[in-house]
Every structure is written in C-alpha cells, then in structure tokens.
Amino acid sequence: MIEIRKLKISFNSHVVLSHVDLTIENGDSIVIIGGSGCGKTVLLRSIIGLIKPDAGTIRVNGEEITRMDRKDLFRIRKKFGMLFQGAALFDSMTVEENIGLALKEHTDLSADEIQKRVQEKLNVVGLPGIEEKKPAELSGGMKKRVGLARALIMDPEFVLFDEPTTGLDPVMADAINHLIIETHRKFNITSIVVTHDMSSAYQIADRIAMLHDGRIIFSGPPSAIKKSELTIVKQFVKGSGGLIHGFESS
Amino acid sequence: MWMSFWQWLGQRTVAFFREMGTVSILLYRILIGIPSIFRDHHLVLKQMLEAGVNSLPLVSVVSIFTGAVSAWQAAYQMEGLMGGLVSMNYLGSGVSAAIFIELSPVLVAIVIAGRVGASIAAELGTMRVTEQIDALEALAIDPVRYLAVPRFVAGWTMLPMLVVYSYLVAHLGAYVVAHFLLDVSTSTFFGSVQRSFSIYNIFSGLVKSFVFGGGTALIGCSIGFQTEGGAEGVGKATIKAFVFSSAFILIGDYVLAMILF
C-alpha cells in the first residue's frame with residue numbers, strides 16, 4: 001500500500017504540489033489525471049523517490065521513504081517498475097541488455113537464465129525476437145513496450161506509468177492500454193498511471209484521481225467521475241477549455 | 001548600478017561555492033564507490049578503451065608535432081637569439097626536460113579534456129535529459145557507481161599511460177627534426193637527453209597527469225549529471241566541460257609546479 005500525506009513539492013519557490021493526500025491500495029489500478037503541468041509526473045517521481053518533497057510523507061508498505069538513505073531507498077525501489085514517458089531506454093545497449101540489466105545487477109542468475117527471462121517478458125509485451133536490436137531501430141510504440149518489459153522484469157509489486165500513450169497513434173495507444181490492463185491482472189501488480197488521456201483512463205482505471213492546483217480534488221471510480229458536480233472535473237472530462245487561465249467558463 | 005554589481009558578485013560567488021560543493025560530493029561518492037570496479041570491471045575496461053586506446057591516434061599526432069616544434073624552436077633560440085653561445089649539444093636536454101615536465105602532461109591533458117571530458121559531459125547530459133539516468137535510479141542502480149566511477153577510473157589511469165606514450169613519441173618527433181633538419185647526430189641528441197635525464201621530471205609529469213586525468217573525468221561527470229534543457233543544454237554542457245577542464249588543467253599545472261619544484 002502507498003500512503004501519501006500532506007505532500008508538498010516546489011521548484012525555485014514555484015509550488016507544484018501543495019497538499020496531496022492519496023492512498024493506493026495493493027492491487028489497485030489507479031489513474032491520476034490532470035492538466036498539463038499540474039504536477040502528475042512530479043507526484044509519480046516522488047513516489048519512487050526520484051524527487052524529494054519539501055514536506056509531507058510517502059509510505060510504501062508502511063515504510064516512510066522521504067527521509068530514507070539511498071541504500072534503503074534502493075531496496076524499496078526494487079519493489080517498483082517504471083515506464084517513462086519517452087521509454088528512457090539505454091541507447092548504448094541492445095533490447096536484451098536493457099531489459100536484463102536489473103537482473104544482472106540485482107540477482108545471481110546466469111546469462112542463460114537472464115536471456116530466458118528477457119524472452120518471456122518480450123513475449124508478454126508482444127515483441128518476440130527483437131533482443132539484438134538497439135533502441136534507435138524501434139518505433140515509438142515498440143520502445144514503450146520494451147520499456148514495459150524492463151519495468152516488469154523484476155516482478156515488481158508496483159508499476160508506475162508516466163503518460164504511457166502520449167505520442168502514439170490511436171491503435172498503438174489502445175494496444176498499450178490493453179497491455180497495462182493485461183499485466184495488471186496477470187501479475188497482480190498495483191498500477192499507478194499518469195495521463196491526461198481520458199479514454200485511456202476509463203479503460204485502465206479501477207479508480208481515477210484528479211490533480212489540480214497542487215491537490216487531489218477528486219478520487220473515485222470511473223463511473224463517479226462522469227457524475228462529478230465539480231466544475232473543473234466536468235471541464236476536464238468533457239475536454240472544454242475552462243482549465244486554461246483566461247478561458248475560465250462559468 | 002553598484003547594487004546590481006554586488007548582487008551579481010554575490011550570486012556568482014554563491015553559484016561558485018554551490019558548484020564546488022556539488023563536485024566535492026560527487027568526488028566523495030566516486031571515491032567510496034571505487035571498490036565496485038572489481039565487480040564492474042567490464043564497464044571500467046570499456047571506458048579505458050574509449051579514453052585511452054581510442055585516443056592514441058590523436059595523442060600521437062599532437063605529441064610528434066609537439067616534439068618537432070619544440071626542437072625547432074629550441075634550435076632557433078640557441079642559434080638565432082643567443083648567437084650560437086649555446087651549443088647544439090644541449091638541444092636534446094632542453095627539449096627533453098620541456099617534454100617531461102610540461103609539454104606532454106599539459107598538452108595531452110588538454111587533448112583528453114576535449115576528446116574525453118567533453119564526450120563524458122555530452123553522453124551523461126543526453127542520458128540526463130532523456131531520463132535514462134532516472135531510469136537507472138528507478139531500477140535501483142546507483143548512477144554514480146554505474147556511470148561515474150568507471151569514467152573517473154579510466155580518466156585517472158589512462159591519462160598517465162597516454163603521457164608515457166607521449167613522452168616517447170614527442171622525443172621521436174624532436175629527434176627527427178634535430179637529426180634530419182638541424183644536422184644534429186643521433187649520439188649528440190640522445191647523449192644530451194641522457195645527461196639531463198632526471199627520474200623526478202618523469203615523476204612530476206605523471207603526478208600532474210594523474211590529477212588532470214581524474215579532474216577532467218570528474219568535471220565531465222559533474223556537468224553531465226547536472227545537464228538540463230534538452231539538446232541545447234547538452235551542447236552547453238559539452239562546451240562547459242571542455243572550458244572548465246582546460247582551465248582546471250592550466251591552473252592546476254601552475255599550482256603543481258609550485259608544489260613540485
């Protein structure tokens with residue numbers, strides 16, 4: 001379980017998250033939505049300790065991570081997998097080396113065993129036989145799927161997805177959404193997805209949380225967000241321009 | 001106007017000490033990570049190949065011409081300006097001392113600052129702006145251990161080796177000019193080199209190259225890790241790494257000369 005309490009994060013006196021309270025239960029598939037620049041990615045990165053908050057706490061399975069030393073933080077990070085917005089594959093390595101790196105670093109598995117596990121994960125994401133390719137030879141959708149295979153290689157408890165469908169065509173975006181749902185069910189992981197794509201959110205989420213003005217202003221099942229009476233939520237869900245300053249609608 | 005000057009000075013001073021603090025923390029983390037090189041020997045060897053072996057052609061060209069031009073200039077000083085008061089018997093001594101103490105350690109270090117230091121900053125900077133360093137962190141792999149330690153060890157160990165190689169090649173360049181263009185016999189040239197030979201000169205040159213090699217890699221890593229602002233930021237980081245490394249080498253050369261001589 002991940003419990004975020006009174007989280008505050010700012011950069012050079014610009015407050016991005018002012019007071020975030022959010023609880024993510026084990027096995028949840030939660031989608032965090034919000035406008036561009038509202039701090040969704042910052043929240044996701046803080047969950048894995050890539051950004052230190054100014055104030056507040058983040059508990060992962062009861063362990064407070066914001067004040068942990070690096071050694072303990074690395075121990076906690078082994079419970080996580082993360083798919084970055086641009087996939088963030090290591091461009092000097094092959095697909096196999098990318099996916100197998102964590103196993104090579106953190107386990108005593110033989111090279112053959114690592115290769116076998118990599119092939120298994122590539123099969124899961126529907127990309128068998130591309131082990132020897134370099135990231136530069138892959139399309140955007142393939143990179144995301146390889147990034148997902150890398151995120152899953154250590155059989156994590158939690159997987160974080162940062163804008164998984166951004167920059168993809170609708171067919172590939174739909175394929176990625178199905179992969180997220182499939183991996184969530186198949187491996188019984190807790191999925192935390194950040195997106196501003198509402199169709200993705202409806203497909204993936206058991207629960208949707210909306211971030212606005214540095215706070216979680218809505219949290220509930222997809223059916224509830226459609227019925228929300230909050231103007232900002234309604235505007236976001238319908239895609240009207242009220243969230244943009246200067247285009248405030250009544 | 002004065003207020004803005006003091007503000008500017010204050011900001012620059014704070015930025016300088018912040019930068020020094022960042023570099024010092026990185027150096028500390030690298031030093032405590034050095035025992036990991038036995039486990040990560042494949043990463044270290046890869047960087048040694050890149051920093052050392054792949055630099056040989058450039059170091060060869062720089063060294064041979066450094067030796068050649070120093071022999072030519074020394075002969076010009078002896079014959080022209082000094083009116084032949086100094087015998088050409090001393091040509092080898094003068095050139096050799098200059099190569100051992102200053103020319104090879106400093107010029108090879110500056111070449112490495114351009115070829116290796118700037119490339120470290122560009123490579124790590126690109127990894128930073130494309131979230132690859134964050135991906136390493138997310139995989140519970142320490143980027144300092146995985147990226148900086150091998151590069152630091154490679155810079156620190158390969159520069160002295162390149163300098164030793166440069167000693168030989170620069171002497172060869174000087175000999176070719178002395179023998180074929182200045183009519184100095186082989187025995188005269190190398191006899192002169194031998195007379196002035198001092199192991200301390202080699203030692204001082206190697207001490208400098210250890211410091212310059214480690215410093216260049218450290219600056220490249222520090223600037224690379226702090227890169228922000230996309231492709232433009234990577235370009236700026238590359239230039240900054242070369243400028244800072246070169247300044248470090250020249251200032252460090254002066255400081256070490258004060259200490260060693």
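Chain letters run A, B, ... following the sequence lines, proteins first, then strands; residues in each count from 1. The figures here come from the full heavy-atom set of this structure, side chains too, leaving out hydrogens, waters and symmetry mates.
- For a residue to count as touching a neighbouring chain, one of its non-hydrogen atoms must lie under 4.5 Å from one of that chain's; by this rule B:Leu136 touches chain A with backbone and side chain alike.
- Under the side-chain contact (heavy atoms from CB on, under 4.5 Å) test applied with A:Leu22, the options A:Ile58, A:Ile32, A:Leu7, A:Ile192 reduce to a single match, A:Ile32.
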Counting backbone as well as side chains, what donor-acceptor pairs lie under 3.5 Å between chain A and chain B?
from	atom 1	to	atom 2	distance (Å)
A:Arg45	NH1	B:Asp134	OD2	2.9
A:Arg45	NH2	B:Glu131	OE2	2.6
A:Arg45	NH2	B:Asp134	OD2	3.1
A:Arg70	NH2	B:Glu137	OE2	3.3
A:Arg70	NH2	B:Asp142	OD1	3.2
A:Arg77	NH1	B:Glu137	O	3.2
A:Arg77	NH1	B:Glu137	OE1	2.5
A:Asp91	N	B:Gln132	OE1	3.3
A:Asp91	OD2	B:Gln132	NE2	3.2
A:Glu105	O	B:Arg39	NH2	2.9
A:Glu105	OE1	B:Arg39	NH2	3.0
A:Glu105	OE1	B:Arg145	NH1	3.0
A:Glu105	OE1	B:Arg145	NH2	2.6
A:Glu105	OE2	B:Arg145	NH2	3.3
A:His106	NE2	B:Leu139	O	2.7
A:His106	NE2	B:Ala140	O	3.4

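- You'll find the side chain of B:Phe248 reaches within 4.5 Å of the side chain of B:Val211, heavy atoms only.
- B:Val243 meets the side-chain contact (heavy atoms from CB on, under 4.5 Å) test with B:Ile239; sequence neighbours excluded.
- With chain B as partner, the option from A:Ile76, A:Leu73, A:Ile48, A:Leu101 having the largest number of non-hydrogen pairs under 4.5 angstrom is A:Leu101.
- In this view, A:Glu64 and A:Arg67 satisfy the salt bridge (Lys or Arg N to Asp or Glu O under 4.0 Å) rule, not counting sequence neighbours.
- Annotation: side chain to side chain donor-acceptor pair (under 3.5 Å) contacts of A:Ser10 (sequence neighbours excluded): A:Asp54.
- Heavy-atom distances place no part of A:Leu160 under 4.5 Å from chain B, backbone and side chain included.
- Residue A:Phe187 places its CZ atom among more than 12 non-hydrogen atoms of other residues, nucleotides or ligands, all under 6.0 Å distant.
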Between A:Thr23 and A:Arg5, does the side-chain hydrogen bond (donor to acceptor under 3.5 Å, both in side chains) criterion hold? Intermediate values first, please. CA-CA 8 Å; A:Thr23 302; A:Arg5 295 286 175 268; 2.8 Å; yes
